2 protein chains.
Amino acid sequence: MPSLRTVPSAHRPAPRPVAPLPAPPPVPPALEDLFSLQPIESSAAGTALFWEEDAADHAFQILEGCLRLYSILPDGRRAITGFAFSGEILGLSFRGAYPYTAEAITGVRFRRLGQGRLAAAGGSDVVRPQLLARIYDEICAAQRLVVILGQLNAEERVASFLLSAAVRTGADRANPVAIELPMSRLDVADHLGLTIETVCRVFSKLKRDGLLRTEGRHRVLLPCIQALRVLAGEESGTTPSQPNVSVRHAAVWPQRPVFVS
Amino acid sequence: MPSLRTVPSAHRPAPRPVAPLPAPPPVPPALEDLFSLQPIESSAAGTALFWEEDAADHAFQILEGCLRLYSILPDGRRAITGFAFSGEILGLSFRGAYPYTAEAITGVRFRRLGQGRLAAAGGSDVVRPQLLARIYDEICAAQRLVVILGQLNAEERVASFLLSAAVRTGADRANPVAIELPMSRLDVADHLGLTIETVCRVFSKLKRDGLLRTEGRHRVLLPCIQALRVLAGEESGTTPSQPNVSVRHAAVWPQRPVFVS
DNA sequence: CGGGCTCTTGATCGCTCTCAACAATGGTGG
DNA sequence: CCACCATTGTTGAGAGCGATCAAGAGCCCG
């Protein structure tokens, strides 16, 4: 979490008995400070923080736990558009309704901030850029997923998912990379536009290829994250850092002639 | 375009020789008024307004024409994350870089607004909600596409695409519905995560089923938009408004047990 | 009227889904 | 503590949808 947190109490400076010095410029409230004044709430696994189409009257800061964000089609199919982890902010909506349901996968602790207070904070020249940056991140995440779902095959999708989980939790800097996946295989499948069986098969194949090990159902080790990047199509694969790993289906497609002006 | 446009010159009231009346409250500038002061520019088909990863220093208001918004994978695959039509605003980015390339499909006329001026306008309590609403729309569009790519089959994807084109251009209120599709079949395919051949085959099948007629390559008639909605999975299909159309593969999937708390 | 491009259609292949059976896990009650 | 059971995960066989490869048709422009 690279954001520099200011002291929460900074907007309410303690009264000074003597004040010969010019008052220091008031520390402007950061986005997260707005939440820090709110009480902490909890939700059990399986409960929803909010529902798709509901009036979006609160934003949420997740302190602990993991949630799935999804839409349900009229016929019952479920599309998990994303997951939310601790430290993230959720439910920023500026047109009345939430665009998805947010349901706790594990138990969740969070803070809640009213839409009115959030809108008011948008007037601040300090908070607004943070707010817009968060929203922009959400756009980028959604468009990244569009690319994944539209262009990648099953193996590439799973590799992308594992990588983004590693990067998001910061686990990609450790060695070996170890990530927690609190969600079920069905959640992963509904997120990647695959079936649970296909997700399983890809996991097994990655295990056979030495790119993945599991410890229990929800813990995954990625011994060679670089090879995963090649599989995910993030890199061209010109530098085989792990020559003993046989990368079948190397992500080298026939170059389609794309019109570039 | 439901936004109430205010008079562009309102922020610069003509100097009055005599001013006995209290000055009327200044008409606050709407988002589109900011653009209306900018000169009109043009781009030929095939040229890019901006490139993915480029510094996002301008936003664009499209006055005429159509663009494709896309990302290119390292191996050359192209994911068209969306299209932009006249009347829309493009390139709102608040973290330095554009998230996609915007390339003109037809000739395009547009206005350009500097990021600085846009950021300043964000301070206005009138413009900011409009700005946030636009961005929120972009999130919704991206998530809608995530659902389409992750959960729908080829026929449903094409039906969704045709419907959203009809709705976006307002053509869905006419009868019969007639839409212009300036983009090529390859563009549609790269947008829907299909191949050009599959898009063609679905078009042909919809023609056989009486749901679609083409006039030239870029004009499409939708004689029974309600049946298309059923195909796209937007409706349950319980009200067959056009009984003579045989809807194979009606969007009724085996209901998967989804955990709802 | 040709040339090049886009679009369309057909035949075949292969990836992923579906259906099925079984294994592993975790929680509960005896 | 262990047996039991429900849930979740894994693996296999076969089918189907969409991709791939190939050829021909239609359209636009010089």
Side-chain angles (χ1 to χ4, degrees), chain A residues 44-46 68 77-78 105-106 148-159 181-208 212-220 231 248-249 251-259, chain B residues 45-46 68 75-78 105-106 148-159 161 181-208 212-220 231 248-249 251-259:
Chain A
R68 55 183 155 248
R77 281 174 283 182
R78 182 181 68 162
I105 291 176
T106 65
I148 289 172
L149 296 180
Q151 307 297 325
L152 304 191
N153 64 27
E155 195 169 350
E156 293 169 323
R157 292 185 203 190
V158 171
L181 298 179
M183 66 290 291
S184 69
R185 298 283 186 271
L186 180 59
D187 287 334
V188 176
D190 283 349
H191 178 54
L192 296 178
L194 302 170
T195 61
I196 185 174
E197 294 95 333
T198 298
V199 171
C200 255
R201 274 185 254 271
V202 173
F203 268 61
S204 300
K205 178 176 187 307
L206 293 178
K207 278 185 201 169
R208 284 196 301 276
L212 181 152
R213 274 181 299 151
T214 53
E215 292 182 351
R217 289 178 168 175
H218 296 302
R219 187 173 177 79
V220 172
L231 263 191
R248 276 82 60 103
H249 293 298
V252 180
W253 256 241
Q255 181 94 13
R256 169 193 294 169
V258 173
F259 177 60
Chain B
R68 54 183 155 247
D75 58 32
R77 281 174 284 182
R78 182 182 67 164
I105 292 176
T106 65
I148 288 172
L149 295 180
Q151 306 298 324
L152 304 191
N153 64 27
E155 195 169 350
E156 293 169 324
R157 292 185 203 190
V158 172
F161 172 73
L181 298 179
M183 67 289 292
S184 69
R185 298 283 187 269
L186 180 58
D187 287 333
V188 176
D190 284 349
H191 179 54
L192 296 177
L194 302 170
T195 60
I196 185 174
E197 294 95 333
T198 298
V199 171
C200 255
R201 272 184 254 273
V202 173
F203 268 61
S204 299
K205 179 177 185 305
L206 293 178
K207 279 185 201 169
R208 283 197 302 276
L212 181 151
R213 274 182 299 152
T214 54
E215 292 182 350
R217 288 178 169 175
H218 297 301
R219 186 173 177 80
V220 172
L231 263 192
R248 276 82 61 100
H249 293 295
V252 180
W253 255 243
Q255 181 96 11
R256 170 193 291 168
V258 174
F259 177 59

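Since this is a predicted model, take the numbers as computed values, not measurements. The figures here come from the full heavy-atom set of this structure, side chains too, leaving out hydrogens, waters and symmetry mates.
- Among D:dT10, C:dT18, D:dG18, the nucleotide with an atom closest to any side-chain atom of A:R201 is C:dT18.
- Distance, A:E215 CD to D:dG9 C1': 17 Å, rounded to whole Å.
- Look at CD1 on B:I196: it is 15 Å from C1' on D:dG18, rounded to the nearest Å.
- Regarding A:F203, its CZ atom lies at a distance of 18 Å from the P atom of C:dA24, rounded to whole Å.
- Close to D:dA19, at under 4.0 Å from its OP1 or OP2, lies a side-chain N or O of B:T195.
- For B:E197 against C:dC7, a side-chain-to-base donor-acceptor contact under 3.5 Å is absent.
- We find that CZ of B:R217 is positioned 6 Å from P of D:dC28, with the value rounded to whole Å.
- With hydrogens and angles left out, the side chain of B:R208 and the base of C:dT8 share no donor-acceptor pair within 3.5 Å.
- Look at CG on A:L192: it is 16 Å from C1' on C:dC15, rounded to the nearest Å.
- The side chain of A:S204 contributes no N or O atom lying less than 4.0 Å from OP1 or OP2 of D:dT10.
- Along DNA chain C, the nucleotide closest to A:G216 and the one closest to A:L152 are compared, and the more 5′ of them pairs with A:L152.
- Between B:R185 and C:dT8 there is a side-chain N or O to OP1 or OP2 distance below 4.0 Å.
- The shortest distance between side-chain heavy atoms of B:L194 and B:V202 does not fall below 4.5 Å.
- In this entry the distance linking CZ of A:R157 with P of C:dC15 reads 14 Å, nearest Å.
- Nearest approach of B:R217 to B:R185, heavy atoms of both residues: O-NH1, 3.3 Å.
- Here the P atom of nucleotide D:dT20 and the CG atom of A:N153 are 11 Å apart, to the nearest Å.
- Between A:T198 and A:L192 there is no side-chain heavy-atom pair separated by less than 4.5 Å.
- If you measure from atom NE2 of A:H218 to atom C1' of C:dA24, you get 12 Å, rounded to the nearest angstrom.
- Counting only heavy atoms from C-beta outward, the side chains of A:L181 and A:V188 never approach each other to under 4.5 Å.
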Test A:R77 against A:D190 for side-chain contact (heavy atoms from CB on, under 4.5 Å), laying out the working first.
CA-CA 9 Å; A:R77 281 174 283 182; A:D190 283 349; over 6 Å; no

